[in-house]
Amino acid sequence: MKNLIYFPFLMLLFLGCKEDQKTSNSEQNVNLEATRNNDTTSKKINEFAIVIHGGAGTILKKNMSAEDEAAYKAKLEEAIKVGHEILKNGGTSLDAVEKTINVLENSPLFNAGKGAVFTHEGANEHDASIMDGETLNAGASAGTKTVKNPINLARAVMENSPHVMLSGEGAEQFAKEQGLELVDPSYFYTEKRFQSLQKVKAAEDSKTAIDKSAFYDPTIKDSKFGTVGCVALDKNGNLAGGTSTGGMTNKRWGRIGDAPIIGAGTYANNATCAVSSTGWGEYFIRAMVAYDISALMEYKGMSLQEAAKEVIQKKVPALGGDGGIIAVDKDGHMVMEFNTAGMYRASMDASGNLTIGIYKD
């Protein structure tokens, strides 16, 4: 009889112990997973880092003079060192991105700011965007003609307006109210870009001319390309990205490409990476290139390198587009991925190691 009384009691005690063990194991697993997710120090390879690009396309060494090559490399080095110095001194990734892009916008070498290409009507129209990886706040501008440094306007939109994107006359009015530097449209005129417009227009006259010129003349073939961009990781672990462009040579009807589109031309998220794109904008918009790289990292657990290759070497070409991206992740890994013959690019790590490239090595 005693056995009958004790048996249920022993069973309850046994089951209770098992349940406590399950709970304990479950809590240990949760704590272990939390530790894995929060332990970024073991993977961090750079305390800070910066990467820039000056556009992708048919950039071939045989078509580049020694003088031009030296000029491009010198300007890329000048620009990236501006941002690197800011980061080295504890400055923010946003400041590094903005000031670095300013250098590229002020140079006639690149299709942004001073070196912007011409529209069909013979004007220079600028687009830009910037994003803060810490807050996911973003700003962009499109179709401006008098703002000297469009990336500054994009940041002002992000920080001083309730909006993400402003365009045309409204964007220029906002820039004026913000005290940004405005210039006469003639400031953006460069003879090289104007002649490129004439070539593209001439090639429009016949299909045969288009095909032949596009094959032999990089100016025609890459009339759809040209952008500058910068991504950075600062000492506080904050990421930022920015992109600025003059758009597509001979563009019409107020065409806007991917550069000012958050998620296509620019994206930054402290949980993953910061990305700036350069390429055939219509395809980069449809593929949401910058965000897609971040999403592959966040949802599929891919590395930055794996995600960039998936999007640039597979997804974009499958749609019919081409171009490239620069990116840096939260641990300081840097990527410069492109599927064209070349991309003006440079990277610099926390130790000051500088890499500059133009062609597909």
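Atom set for the values below is all heavy atoms of this structure, side chains included, hydrogens, waters and symmetry mates excluded. Along the sequence shown, residues are numbered consecutively beginning with 1. Please read these numbers as outputs of a predicted model, since none were measured by experiment.
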Suppose the criterion is salt bridge (charged side-chain N to carboxylate O under 4.0 Å, His left out): which pairs have a residue in [range], not counting sequence neighbours?
range            : result
residues 335-352 : K309-E337, R345-D361
residues 227-253 : none
residues 176-196 : K148-E181
residues 91-120  : D95-R155, E98-R155

Legend entry - Linked hydrophobic residues, L239 as query - side chain contacts closer than 4.5 Å: V51, V231, L233, I326, V328, M334, M336, F338, M343
Inset, instruction - Hey, can you tell me if Y291 and Y267 have their rings parallel, tilted or perpendicular (30° and 60° cut-offs)? - result: perpendicular
Legend entry - Pairing of E77 and K73 as salt bridge, 4.0 angstrom limit: no
Inset, instruction - Return each pair, listed once, that meets ring pair (Phe, Tyr, Trp, His ring centres under 6.0 Å) where at least one residue sits in residues 132-188; pairs must be two or more places apart or across chains. - result: H126-F188
Inset, instruction - For residues 69-108, pull every pair meeting ring pair (Phe, Tyr, Trp, His ring centres under 6.0 Å), keeping only residues two or more places apart or in separate chains. - result: F48-H84, Y72-F110, Y72-Y344
Inset, instruction - Apply ring-ring contact (aromatic ring centres under 6.0 Å, His included) to F284 and list each qualifying residue two or more places apart in sequence or on a separate chain. - result: none
Legend entry - Results of ring-ring contact (aromatic ring centres under 6.0 Å, His included) for Y359 - residues two or more places apart only: none
Legend entry - Pairing residues for K300 by the salt bridge (charged side-chain N to carboxylate O under 4.0 Å, His left out) criterion, not counting sequence neighbours: none
Legend entry - salt bridge (charged side-chain N to carboxylate O under 4.0 Å, His left out) partners of K61, counting only residues at least two apart: E69
Inset, instruction - Mind checking side-chain hydrogen bond (donor to acceptor under 3.5 Å, both in side chains) for D329 and listing every partner two or more places apart, or none if nothing turns up? - result: H333
